[in-house]
Every structure is written in structure tokens, then in C-alpha cells.
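Positions are given from 1, in the same order as the sequence printed here. This structure is a prediction, so every number in the text was calculated from the model and none was measured. Both ligands and their constituent atoms are indexed starting at 1 by order of listing.
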Amino acid sequence: MSDLRDLYQELILDHTRSPRNFGPLPSANRQAEGFNPLCGDRIRVFLELDGETVRDVRFEGSGCAISTASASLMTEAIKGRNVKQAEALFEGVHELVTGPGDDGSAPELGKLVVLAGVRAYPVRVKCATLAWHTLRSALRDDHESVTTE
Ligand code: ZN
């Protein structure tokens, strides 16, 4: 089990050091901003939607290691998916980090299960979910900036 935890930590560190899909997305047709006042994490998520398909996704911002890694993992997970699948992943991740379930409870989440590690650190849960709340706002095109409570 501790080997698995090391692996998770390694994956989080890797995404923190070299975030995937980081930077502006000129072709974006949706975007949203998110802010986590508890930690100071700020993020902007850009989406290029083609009908119901997430053709491309990128993010910008500055935040702690967990928020950056979570955003990076999020972009990898939802690229090429449709809006429904992206919403389902949002729900899955939310349950994963806030719920009492065990780490193996959500096989469809793939790599995203590494985020389960934050369950042990309640103040970090907002860091891990910020990118996902911001994503959902962009998907719904609700033009509101997201602030975690
Ligand atoms: Zn944070």
C-alpha cells in the first residue's frame, strides 16, 4: 500500500512540475475562472467545444501543487470526451475526494484516483476540486466565476 502511495505522490509531483495542457487556448469558445480563497489558488479553464465534444482544453493560473496537478490531470482526462462524460468525471472526482469510499471504488476514473490522497487533508479538498468546479462552469457556460466555499 505504501508503494502505491509513493506512486500516487510521484504522479502528482510529475504533473505539478510539468503541467499538461498549460497555457492559453486561442480557439477556445468557452472559459471560466475559479478561485480558492482558502489557499489562494487561481485558475482559468479554456474549452474548445465542437458540438458536445471537448476538442481541446487548456488551463492557466497559479496555485499550490495539488491544484496544479489536479488541473493538469483534469485536462488529460476530459480531452476528447463529450460534455456528459466530462460531467460524470466531475461527479466521480467530487465523490472520490469528499466521500468515504475506498480508493478502488471508481475504476472509470483511471489516473484520477491519485486525487483520493487529499481525503486525508480536508483543507486540500478545495485545491483538488477547484479545476473541476471551474470546468463545470465552463461546460455550462454560466459566465460566473467560481469561488470555493
Ligand atoms: Zn491549494
Side-chain angles (χ1 to χ4, degrees), residues 1-26 28 30-49 54 56-81 83 85-149:
M1 195 59 203
S2 77
D3 284 355
L4 194 61
R5 211 165 291 148
D6 288 350
L7 194 73
Y8 284 1
Q9 221 152 36
E10 197 49 50
L11 191 62
I12 297 270
L13 278 176
D14 178 42
H15 278 265
T16 305
R17 275 193 225 108
S18 31
R20 316 302 196 269
N21 305 302
F22 186 84
L25 180 64
R30 297 281 180 86
Q31 58 172 288
E33 270 179 70
F35 177 50
N36 171 18
L38 222 63
C39 178
D41 309 314
R42 281 181 190 281
I43 189 172
R44 185 184 287 264
V45 172
F46 303 99
L47 291 178
E48 182 189 343
L49 284 188
V54 179
D56 209 354
V57 50
R58 294 178 78 81
F59 77 101
E60 283 184 324
S62 59
C64 66
I66 295 291
S67 71
T68 303
S70 178
S72 175
L73 285 159
M74 183 269 287
T75 59
E76 275 195 332
I78 68 152
K79 198 186 271 197
R81 306 261 190 156
V83 170
Q85 289 168 326
E87 292 251 3
L89 281 172
F90 167 89
E91 298 294 343
V93 167
H94 203 261
E95 244 168 69
L96 181 75
V97 299
T98 59
D102 63 284
D103 292 0
S105 64
E108 76 278 7
L109 292 177
K111 260 194 237 176
L112 296 170
V113 297
V114 301
L115 297 173
V118 303
R119 272 205 302 248
Y121 310 96
V123 295
R124 289 292 181 203
V125 168
K126 310 276 189 221
C127 302
T129 56
L130 178 65
W132 292 88
H133 282 288
T134 310
L135 164 72
R136 193 168 63 163
S137 174
L139 284 171
R140 294 180 177 178
D141 204 15
D142 57 13
H143 299 283
E144 276 174 30
S145 61
V146 177
T147 303
T148 59
E149 287 141 34

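For Pro24 against Phe46, the heavy-atom pair with the smallest separation is CA-CE1, 3.9 Å. Across Met74 and Ala131, no two heavy atoms sit closer than the pair CE-O, 3.6 Å.
Annotation: side chain of Arg42 is not in contact with side chain of Thr134 (no heavy-atom distance under 4.5 Å). Counting only heavy atoms from C-beta outward, the side chains of Leu130 and Ser70 never approach each other to under 4.5 Å.
Salt-bridge annotation for Arg124 and Asp41: absent, with no side-chain N of the basic residue lying under 4.0 Å from a carboxylate O of the acidic one.
Scored by the ring pair (Phe, Tyr, Trp, His ring centres under 6.0 Å) test, Phe35 finds no partners at all (sequence neighbours excluded).
For the Zn ion (ligand 1), protein N, O or S atoms closer than 2.8 Å were enumerated as Cys39 SG, Asp41 OD1, Asp41 OD2, Cys64 SG, Cys127 SG, with waters left out.
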